[in-house]
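Values reported hereafter were calculated over all heavy atoms of this structure, with side chains retained and with hydrogens, waters and symmetry mates removed. Start at 1 with the first residue, then count along the sequence. A quick note: this is a predicted structure, and the numbers were derived from the prediction, not measured.
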Amino acid sequence: NAMACRVLWLHGFTIAAVVAAVNSHESFKNVTASHGSASSSARLQNASTTQARSDSTANAFVLTRTSSSKTKHNSSKSNKESQTSSKKITALSAINKTKQSSSKSSQKSQTASKNTTISSDVNLRAPNKMRQHAADTYFVCNTVGKVCNTKLPRLIYAMAAAGAMSFDLPHRTVLVLILLFAAVGIAAEHRTRVRDALGRASGHLAALWSQEFPMNAADAPTTMKLFVSTLLSLELLYAMAPEQDILATPELIRLMRAHPPPEPFVPRLTEMLLPTLGESTADAYVWLLRNVRMLLLGAWAGFLLLPAAHYQLSTALYAVGAICYFYLGSIGLMYNHAHSTQGPMLFVVAASFAIPGLGTNARASNWLRQYLFVCVLMPVYFFAGLSKLRYLGFENNLTGEWIQRALKPESRTIWPALNKTIVDSAVLRVCFSWGNLAVEIVLPLLATFVTRGRRGVLVRALFLSSAIVFHAIVLLTLGPNFCRLALLDLLAADLVAVAVVISTHGVRDAAERTLALADAPPPLAPPNAADAARALVAIATLAMWFSVQLSSDIGHISGRYDPKVKSNPYWPVPELSMFTHAGKHSEYRTALTLTCTLITALAAKYMLSARRRDSAPLCRAEPALGKSLLLGGRQADEARETPLLVLAPNCPARS
């Protein structure tokens, strides 16, 4: 490792030297070309001055000859004309002398300016341009702008030199390489400690992201097949009308036959996925998208047909269908900017990482449910409420004034009389606004942070049931159809496990049995590399959600974005600023504070869980024979060959 590190250093410095040599050669060529152009311009100026002199002399000579000839042949003319011609000759000669003296003075001034050094008047074009470029490039001038507002000549030229250096030297790339080489070198010096630390960190992440939201592993494959079949049924029946139908994307392209008009903050995704889309190529792209749709339906049909024991083929089929679903949904989203498809698309793709372990690895099924709660449902609901606080302000949310505009009866309103009753009543407006804050902010946070024991089960049940009722009220009063999110709420409830408990223990004992199982969950096997990879997927998804919120708040606060315009990219994750409008009542600093507080709370939660896991007493695993709780052909075969490992009686069950 040390030798490899030295080789990397040697290659790095060699590449840096070559780049520096190439840059210096290019700079030398540019300087030579500039000197050549300057000398050629000077020669051209001298030639033009000489030509002007000769022209003036020739003009004077011609005028003299003309006047003398006219005097000889027209002697009958008066002396007045001869006096006029002589005056003209005198005036022309004076003008020529003036031109010659001005050209000489300009040459002297140019020579004097070349020989001078830095003067007190440094308001030249090139230094000011380079200084402005340095102020725009380097972070010190960006963050503390007053530091760079100086009039001292030495500082102006120093900033101009730094700005010019950014053109010749890729300082950011070099900085990244330097830090990377330093990290590799330090890691090589302490490779044992680094390896142990990375092992502990990956183990903590894998354990923390696969134990707080337990899901019945035996019924996880059945739950996913029910989800996929229900999702396809909703798409085929267009149950989300009038919102976007992902399976109808080919027909949408056939109707539009062009790229959507560009909008700020929204990526121009169709230009990357359908680069040559136009009137002449639309039919070809429609044929392509129809084949993608057939591939989606065929792959998911195979996934539904195969048993979970054929996990390799089943995983491949599901992954192909998930990629096709995300591809079609992303294209359709560019023509229909809404907020009802991004969450389901993210979950469909991320579930591909858990499909191989469903039915055999309890941590895989637990991760799937935890990802659904923490990385899909919590961001969708919480950031929707946060956007209302960001753009509408606290006062409008507390008094319910924004309800008057949102619930104004329109053509999409199913029951206009209900909307009018709510809008006209101040008490109902406050109740609806506070209920919205409870469903979109309070309950998602409780479901994220209260996860253990009976309290976790009750909070999750309250959150999911309230969310389903909330979507029904939104459909009734406002019109948007969020049936896909309601389907995710039902999936998070793990209704298959509830049905199994009811069928086994009866309706009366089902609740008590579920709560008892939550207080004493079954032990889990140690996490493996696949669990660590799934944890990284979850962290990357959360980073995407938070980056959109932080970018919006920081951009509006810094003035980079118009404070009266919403910054919603819509893809891959939206800002979720529906039913809002930016204006003077917007509170970007408050939203930024809440976002940073949530990030800090999540980090503290997982750090405390990792510390609790480290401080737990070590307990040994004892082999125990018996019937496995996990069903499935492959699991049954493994159970017959290898005994299950359970915790010793003196170990806490939650560890």
Can you tell me how far apart [atom1] ([X]) and [atom2] ([Y]) are? Round to the nearest 0.5 Å.
| X | Y | atom1 | atom2 | answer |
| --- | --- | --- | --- | --- |
| Leu333 | Trp571 | CG | CH2 | 9.5 Å |
| Thr341 | Leu328 | OG1 | CG | 12.0 Å |
| Ser551 | Phe265 | OG | CZ | 8.0 Å |
| Leu288 | Tyr327 | CG | OH | 5.0 Å |
| Gln370 | Ser365 | CD | OG | 11.5 Å |
| Ser210 | Arg369 | OG | CZ | 14.0 Å |

Measuring only between side-chain heavy atoms, which start at C-beta, is [X] closer than 4.5 Å to [Y]?
| X | Y | result |
| --- | --- | --- |
| Leu346 | Met544 | yes |
| Phe303 | Ile355 | yes |
| Asn216 | Asp494 | yes |
| Tyr561 | Pro264 | no |
| Arg460 | Phe373 | yes |
| Thr595 | Phe546 | yes |
| Asn361 | Asn528 | yes |
| Val380 | Trp545 | yes |

Please name the pair of heavy atoms, one in [X] and one in [Y], separated by the smallest distance, quoted to 0.1 Å.
| X | Y | result |
| --- | --- | --- |
| His556 | Pro563 | CD2-CA, 3.8 Å |
| Asp531 | Ala364 | OD1-N, 4.4 Å |
| Ser352 | Thr315 | O-CG2, 4.1 Å |
| Ala492 | Leu377 | CB-CD1, 3.8 Å |
| Gly321 | Leu296 | O-CD1, 3.0 Å |
| Pro356 | Thr360 | O-OG1, 4.2 Å |

> Is atom OH of Tyr588 surrounded by more than 12 heavy atoms (other residues, nucleotides or ligands) closer than 6.0 Å?
Replying inline: yes

Sequence-distant partners of [X], side-chain contact (heavy atoms from CB on, under 4.5 Å), two or more places apart:
| X | answer |
| --- | --- |
| Thr597 | Thr593 |
| Val348 | Phe227, Leu231, Trp300, Tyr318, Ala322, Tyr325 |
| Phe449 | Leu445, Leu598, Ala601, Leu602, Lys605 |
| Ala532 | Ser202, Ala206 |

>> Test side chain to side chain contact (heavy atoms under 4.5 Å, CB included) on Val374 and Glu212; report intermediate values, then the result.
In response: CA-CA 11 Å; Val374 181; Glu212 293 192 346; over 6 Å; no

> Among Leu446, Thr448, Leu443, Val442, which one satisfies side chain to side chain contact (heavy atoms under 4.5 Å, CB included) with Phe463?
Replying inline: Leu443

Listed pairs under 3.5 Å, donor-acceptor, residues 535-542 side chains, sequence neighbours left out:
from	atom 1	to	atom 2	distance (Å)
Thr541	OG1	Tyr371	OH	3.0
Thr541	OG1	Val537	O	2.9

>> Does either side chain, that of Ser552 or that of Glu575, offer a donor lying less than 3.5 Å from an acceptor on the other one?
In response: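 Note: Ser552 and Glu575 side chains meet the donor-acceptor criterion.
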
>> Checking His337 against Asn568: is there a side-chain donor and acceptor pair closer than 3.5 Å?
In response: no

>> Before you tell me yes or no, could you show the steps for Arg534 and Trp209 under side chain to side chain contact (heavy atoms under 4.5 Å, CB included), namely the whole-Å CA-CA distance, both residues' side-chain angles and the distance that decides it to 0.1 Å?
In response: CA-CA 8 Å; Arg534 285 190 282 265; Trp209 277 96; over 6 Å; no

> What orientation do Tyr570 and His339 show, parallel under 30°, tilted 30 to 60°, or perpendicular over 60°?
Replying inline: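 The arrangement is tilted - the two ring planes meet at 30° to 60°.
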
>> Using the rule given for side chain to side chain contact (heavy atoms under 4.5 Å, CB included), can you reason through Met224 versus Leu368, listing the C-alpha separation, both sets of side-chain angles and the distance that settles it, and then say yes or no?
In response: CA-CA 10 Å; Met224 276 304 298; Leu368 184 65; 3.7 Å; yes

> Please walk me through it: do Leu550 and Leu592 pass side chain to side chain contact (heavy atoms under 4.5 Å, CB included)?
Replying inline: CA-CA 7 Å; Leu550 293 175; Leu592 178 62; 3.6 Å; yes

> Do any N or O atoms from the side chain of Arg363 and from the backbone of Gln211 form a donor-acceptor pair under 3.5 angstrom?
Replying inline: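 No; zero donor-acceptor contacts below 3.5 Å.
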
> salt bridge (charged side-chain N to carboxylate O under 4.0 Å, His left out) with Asp553: which residues, sequence neighbours excluded?
Replying inline: Arg390

